Every structure is written in C-alpha cells, then in structure tokens.
Amino acid sequence: MIAEIDISLIDWSRAQFALTAFYHWLFVPLTLGLGIIQAVMETIYYKTGDEFWKKTAKFWMKLFGINFAIGVATGLILEFEFGTNWSNYSWFVGDIFGAPLAIEGVVAFFMEATFIAVMFFGWNKVSKGFHLASTWLTIVGATMSAFWILVANGWMQYPTGMNFNPDVVRNEMESFWKVAFSPVALNKFIHTVLSGWVIGAMFVAGISSWYLLKKREIKFALSSIKVAVVFGLIACFFSIWTGDGSASQVAEKQPMKLAAMEGLYEGGEGVNLVGVGILNPGKEEYNDDKDAFLFKIDVPIPKLLSYLSFGKFNAYIPGIKNILDGGYPLKDGNVALSAKEKIEKGKIAVSALADYHKAKADSILYERKADSIKIALTAEINNCETAISEGDTIISQIVTADELFANKKAEITDKIADSRRLLFENFDYFGYGYIKEPKDLIPPVALTFYAFRVMIILGSFLLLLFALSTYLVYKNKFETKRWLQWICLISIFFAIFAGQAGWVVAEVGRQPWAIQDILPTSAAVSNLSTAAVQLTFFIFLALFTILLIAELKIMINAIKKGPQINEQ
Amino acid sequence: MKKSMVNRVIRFYVDGFKSMTIGKTLWLIILIKLFVMFVVLKIFFFPSYLGKFDKPVEKQEYVLNELVQRAK
C-alpha cells in the first residue's frame with residue numbers, strides 16, 4: 001500500500017516526526033493529569049489523616065509511575081530527529097530553540113527526577129508534609145518540562161524575540177522573555193496542559209467506572225470519581241475557553257491554518273462557523289468554481305467565526321483564495337500581499353543572503369590581494385635606493401593602487417550594505433523564497449478540517465459527560481448508572497483522541513512551515529536518503545508499539561489487582 | 001555529620017529500590033529503552049547530520065549553501 005504512494009523525503013521525515021510525537025503524547029498528558037489528581041488525593045489525606053485517601057492516592061500513583069517509566073525520555077527521540085533529519089532547521093534556529101530545551105533538560109527534568117524518588121520511596125520515611133510537597137513538586141516539574149517544550153513549539157508557530165544573524169546564518173535570541181512569554185507560547189502551554197488534565201481526569205473516571213461495572217472497590221471508585229470529574233469539568237471548561245483564545249491567535253498570526261480548519265476558500269465579513277460538514281473531494285484547485293462542501297451545517301449563531309476570531313461579528317476573515325490572492329485589509333491597516341508578492345520578496349531575501357556572503361568573501365579576497373601587492377611594491381622600492389626616479393614611479397604606483405583598492409573596497413562595502421538591507425527588508429518573507437507555486441502554501445485542508453471537528457466535538461462531549469457525572473456522583477446516583485459507567489470507560493479513548501486531533505490541527509494546519517513564514521519543511525529537512533528515513537520510521541514504529549504494549553500490559557495487571565483497600 | 005547525611009540518602013534509595021515490586025520491571029524497561037535509544041539509535045541511526053563537519057564555520061557554509069541552492 002505504502003509502496004504505491006509517492007512519498008518524498010520531506011513527507012517521510014514529517015511522518016517520522018509525527019509518529020514520534022503521537023506516541024510521546026500518549027504518555028505525557030496522562031503524566032500531567034494523573035499527577036495533579038494523585039496530588040489532590042494526597043492533599044486530602046494530609047488534611048484529614050484518613051488512611052483511605054493515602055491508599056487511594058498510592059494506587060493512582062502506581063499507575064502514574066507505570067506511565068511515567070514507560071514514557072520517560074521518549075521525547076528525546078524528537079531531539080535526535082532535529083539533529084539528524086532536520087539539520088538545516090536546527091542550525092538555522094539553534095540558540096533560540098536550544099535555550100528552552102536546555103532549561104527543560106536541566107531544571108525541570110532534574111526537579112522531577114529528584115522529587116519523584118521521594119514521592120515513591122518516601123512514604124513513612126519523610127514527614128507527611130515533605131512527602132506531599134514532593135508529590136506536588138514532581139508534577140510542577142513535569143508541567144514545567146511541558147512549558148519549555150511548548151515555548152519551543154510556540155516559537156515555531158509565531159517566531160518572535162529573535163534577530164537573524166546573516167554572518168552565521170542563524171537566528172539569535174534578542175529577548176528571552178519575548179520567546180518564553182510570547183502570547184502564542186503561553187496560550188499553547190495552558191491549552192495543552194489543560195487537555196492533559198482532561199485526559200488524566202477521564203482516565204481516573206473511566207478506570208473507576210470499570211471497578212463499578214465489576215462491582216468491586218466501590219468506595220474507592222466513587223471517591224476517585226468525585227475528585228476526577230470535578231477536576232475534569234474545570235479542566236475541560238478552561239480547555240475550551242483557552243482553545244477559543246488559541247483560535248483567535250491563529251486567525252491573526254496563521255490565517256491559512258484557520259481557513260483550512262474551516263474549509264474556507266472564499267472569506268468575507270461576518271463569516272459563520274462550520275459545525276459539521278463533508279468536504280467536496282472533487283475540489284482540486286483553490287480557485288476553481290466547485291463548492292468546498294458536499295454538505296455542511298453551520299453553528300446556529302450567525303457570524304460566529306468572525307466574532308470568535310476578532311471579537312466583532314462583522315470582522316473580515318480571509319479564505320484560502322483570499323490569502324493567496326491578497327488585497328484584503330489587515331488588522332494593522334495594511335493591505336495583505338498576494339502569495340506571488342510574498343514569494344518574490346522571499347526570493348529577494350534568499351538571494352540577498354547569498355549576495356551578502358559573496359560580497360563578504362570578495363572583500364576578504366581584495367584585502368588579501370591589496371596587501372600582497374602593497375608588500376611587493378614596498379619591497380621593490382626598498383631595493384632601488386639609488387634610482388630616485390624609479391622609486392618615484394613605484395610610489396606613484398602605490399598611490400594609484402591605494403586609490404583603486406579604496407574604490408573597490410567602497411564598492412564591496414556598498415554591496416555588503418545593500419544586500420544586508422535587502423535581506424532584512426524582506427526577511428519576514430524569507431521562507432516564501434522556497435515556495436514554487438502559491439498553492440504550495442495550502443496545508444492539507446481535509447485533515448485539518450476533520451481533526452478540528454473531532455477535537456471540538458469530543459471536547460464538548462467530554463464537558464457534558466463531566467458535568468453529568470459530577471451531578472450524578474454528588475447526588476449518589478452514579479453507582480447505579482451502568483450505561484454512564486460504560487461511557488466513562490470508553491471515553492478514555494475519546495479524550496486521548498481529542499488531544500491527538502488537537503496536535504494534528506496545530507501541526508498539519510501550519511504546513512508547509514517548519515517556522516511560520518521563515519523556513520518551510522522543504523528547506524529545513526536534511527539531505528538524507530528517503531530509504532534511511534523509512535528505515536528509522538519503522539524502527540520507531542516497532543519500538544514505540546512494544547513500549548505501548550508493555551505499558552498496557554503492566555497497567556492492566558495493576559488495575560486488575562486493584563488498590564486492595566479494605567473498605568469495611 | 002556530612003557522612004551521616006550521605007549515608008541516609010544512600011540508604012533511602014537502597015531501601016526504596018529493595019522494596020519495589022512492579023518498579024523492578026519498570027526499571028528494567030527504562031534501562032533497556034535507554035540502551036536502545038542512546039547506544040543503538042543515537043549512534044547508528046541518528047548521528048548529528050552536521051557532525052561530519054569539524055568547525056562551526058564549515059557547518060555554517062554548508063547550511064548557507066543548502067539554503068541558497070534549495071531556493072533555486
């Protein structure tokens with residue numbers, strides 16, 4: 001099947017990165033969500049002194065430990081891939097991308113590693129307060145790890161706080177704070193962590209429901225559900241709220257991604273939000289006359305997309321065609337450039353970078369030539385002390401040569417300054433220099449559109465599920481609702497699926513960019529053989545699948561064994 | 001005093017590891033995973049692509065050339 005598809009080096013490299021990220025994101029959100037829930041349970045134990053809560057917290061801690069152990073370091077593979085498969089990218093961004101990852105490695109990881117030992121080994125060995133603090137600090141460390149990774153990702157979506165240094169062909173950090181606290185990074189962090197909390201809450205509610213279905217560990221299960229569903233409800237609500245903030249940032253900073261998320265080819269003022277729909281597979285060109293949808297139902301609040309994007313019901317939202325054709329008004333009052341104009345500017349920027357380096361090399365060459373000629377002439381004048389007229393001739397040659405060299409030097413200096421100016425005037429469009437045709441700027445619309453719907457629909461469903469479960473569990477009616485227990489159990493997969501769909505929207509929707517507008521994947525990828533990337537793709541597939549099977553097997557055994565709490 | 005503190009920390013870890021049940025399996029998985037990642041994958045399949053150049057200036061020239069050529 002795969003052999004029939006013409007898959008290029010870029011696609012395989014992207015597929016490999018996506019595969020690694022997918023698997024990594026199976027482990028991370030559970031760590032983040034389950035970590036908070038077990039810490040809350042231990043806090044209840046600390047406050048009440050009730051041994052039941054200690055045992056409850058310890059059971060979830062055991063599952064946390066299994067997930068943590070299997071998932072730990074899987075993210076490092078992504079860093080291997082940067083160095084091997086995305087070497088141009090790694091060089092181009094080095095310092096900026098390196099700093100958050102280094103902080104993640106040194107501070108957050110060691111914080112996690114230190115306190116996790118106390119959390120697992122410290123029961124009855126350290127004070128209750130110190131143990132509780134260690135549990136919280138473990139999860140704070142894990143969350144800080146996520147923060148720095150998402151700062152790096154946020155920078156790729158919205159590059160800020162850097163200056164391009166043409167001398168070393170890489171970006172350098174101008175402001176650490178602008179990188180670390182860019183609005184995109186902050187929103188991404190909060191939204192992503194909250195989605196992890198939702199997954200953790202659903203996991204606890206789902207596994208607890210399984211115990212209820214099996215009619216065992218009833219008190220443990222209901223108590224766990226009481227904590228999980230309230231936590232899940234709050235996390236889900238704020239996740240949707242921050243998701244809205246995320247979408248408005250996308251509207252402003254990545255309009256093509258928003259257009260793909262909505263399957264919007266022709267934009268305008270007062271645009272509706274698509275609820276559900278089926279895209280027309282027959283629409284082959286962005287500028288053909290075919291309808292984008294075979295069928296669609298808008299959310300029954302008119303002009304909602306405009307409102308959610310810019311806070312105004314009549315705000316203008318560009319579609320894919322508008323973005324490529326340009327000419328529409330931007331928020332800052334300027335008129336949007338067309339894709340062709342951006343490509344032209346990008347080509348000027350790349351060409352200026354080449355000219356800058358050539359002029360610099362010429363400058364060094366002429367300096368050397370000038371020096372060697374001056375040395376030769378000076379040596380000659382030293383050898384003709386008696387013949388004054390001959391010496392005068394050589395001196396006049398030196399003067400002439402000096403003038404020539406000065407003129408040439410001025411010419412080269414001008415070239416360096418001109419190319420540098422051209423580069424910086426057009427650097428915002430640098431990545432467009434690699435785009436062959438405007439249509440290459442369109443991300444995979446169908447995948448982005450459907451993934452967005454999956455995330456929204458599942459997220460909304462989970463919000464309702466948490467709300468209903470909260471109501472029933474606190475009314476002491478949850479235990480008898482077997483259908484709800486089944487739904488909670490199955491919804492563990494829905495929560496995981498919603499999180500993965502969110503990443504698809506974020507990453508597929510920003511194609512073709514590795515760094516938004518600055519570097520496309522076609523320029524970022526290393527010049528490896530496709531076969532080598534295919535090989536490592538399947539190695540990872542095997543490795544991660546083995547790890548996942550190991551996790552599931554160990555975890556299922558631990559769940560079957562249960563918390564072993566005497567509930568009498 | 002210092003030695004006693006170090007001993008207590010070592011004892012804390014030794015006792016912790018000894019009392020592990022499921023943790024022993026997990027540690028085995030972690031160690032195998034780290035071996036596969038750092039000894040097999042990193043060395044044989046994921047060398048630094050630009051590591052073939054000794055000096056930063058050579059890396060810079062290579063990337064510059066790549067960036068310029070790919071735009072053509």
Side-chain angles (χ1 to χ4, degrees), chain A residues 62 65-66 68-70 72-74 76-77 79-88 90-92 117-118 120-122 125-126 166-170 346-347 349-351 353-354 357 430 433-435 519-520 522-523 525-528 532 535-536 539-540 543 546-547 550-551 554 557-558 561, chain B residues 2 4-72:
Chain A
K62 186 196 276 185
I66 294 167
F68 187 90
I70 305 287
V72 72
T74 50
L76 286 177
I77 293 175
E79 294 187 36
F80 291 176
E81 289 170 17
F82 278 127
T84 304
N85 300 66
W86 304 97
S87 57
N88 289 348
S90 295
W91 179 265
F92 195 70
V118 180
F120 281 110
F121 299 158
K125 288 184 183 162
V126 296
D167 293 315
V168 289
V169 199
R170 67 196 319 187
K347 292 209 179 293
V350 177
S351 173
L353 177 65
H357 275 269
F430 187 87
Y434 302 94
I435 305 297
L519 195 72
S522 59
V525 73
S526 302
N527 197 6
L528 296 164
L535 175 67
T536 47
I539 288 174
F540 282 152
L543 178 68
I546 290 167
L547 284 175
E551 161 147 4
I554 298 168
N557 282 341
K561 202 173 172 190
Chain B
K2 252 186 181 175
S4 149
M5 185 64 190
V6 172
N7 281 341
R8 281 174 63 193
V9 171
I10 292 170
R11 174 62 50 197
F12 176 84
Y13 277 92
V14 170
D15 288 348
F17 281 113
K18 273 184 181 171
S19 63
M20 284 191 309
T21 51
I22 203 168
K24 283 175 185 154
T25 312
L26 295 176
W27 270 108
L28 185 66
I29 291 173
I30 290 173
L31 292 175
I32 293 171
K33 179 172 62 178
L34 291 177
F35 176 82
V36 170
M37 276 175 60
F38 286 98
V39 180
V40 180
L41 291 177
K42 181 66 187 156
I43 294 174
F44 295 104
F45 295 99
F46 286 90
S48 166
Y49 189 81
L50 297 177
K52 58 190 172 188
F53 303 106
D54 292 332
K55 296 174 187 165
V57 71
E58 291 172 341
K59 296 179 184 180
Q60 164 203 313
E61 277 169 13
Y62 174 81
V63 174
L64 172 70
N65 190 46
E66 284 279 298
L67 292 180
V68 171
Q69 292 306 317
R70 287 190 196 187
K72 285 180 179 168

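A note on names: the letters A, B, ... follow the listed sequences, proteins ahead of strands, and every chain is numbered from 1. Remember, it's a predicted structure, so these values are computed and weren't measured experimentally.
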Side chain, backbone, both or neither: which part of [X] has a heavy atom under 4.5 Å from chain B?
| X | answer |
| --- | --- |
| A:Glu81 | both |
| A:Phe92 | side chain |
| A:Leu535 | side chain |
| A:Ala117 | both |
| A:Ser90 | neither |
| A:Asn527 | both |

Restricting to non-hydrogen atoms, name the atom on [X] and the atom on [Y] that form the minimum distance, rounded to 0.1 Å.
| X | Y | answer |
| --- | --- | --- |
| B:Tyr49 | A:Ser87 | CD2-OG, 3.2 Å |
| B:Lys33 | A:Leu547 | CD-CD1, 3.7 Å |
| B:Arg70 | A:Val525 | NH1-O, 2.7 Å |

Centre-to-centre under 6.0 Å for A:Phe540 and B:Phe46, is that the case here? yes
What is the distance from atom [atom1] of [X] to atom [atom2] of [Y], rounded to the nearest 0.5 Å?
| X | Y | atom1 | atom2 | value |
| --- | --- | --- | --- | --- |
| B:Leu41 | A:Leu76 | CG | CG | 11.5 Å |
| B:Leu64 | A:Arg170 | CG | CZ | 13.5 Å |
| B:Asn65 | A:His357 | CG | NE2 | 11.0 Å |
| B:Ile29 | A:Ile70 | CD1 | CD1 | 4.0 Å |

Can you tell which of B:Leu67, B:Ile30, B:Val68 has the highest number of heavy-atom pairs within less than 4.5 Å of chain A? B:Leu67
Tell me which of these, B:Thr25, B:Ile32, B:Asp15, has more heavy-atom pairs under 4.5 Å with chain A than the rest. B:Asp15
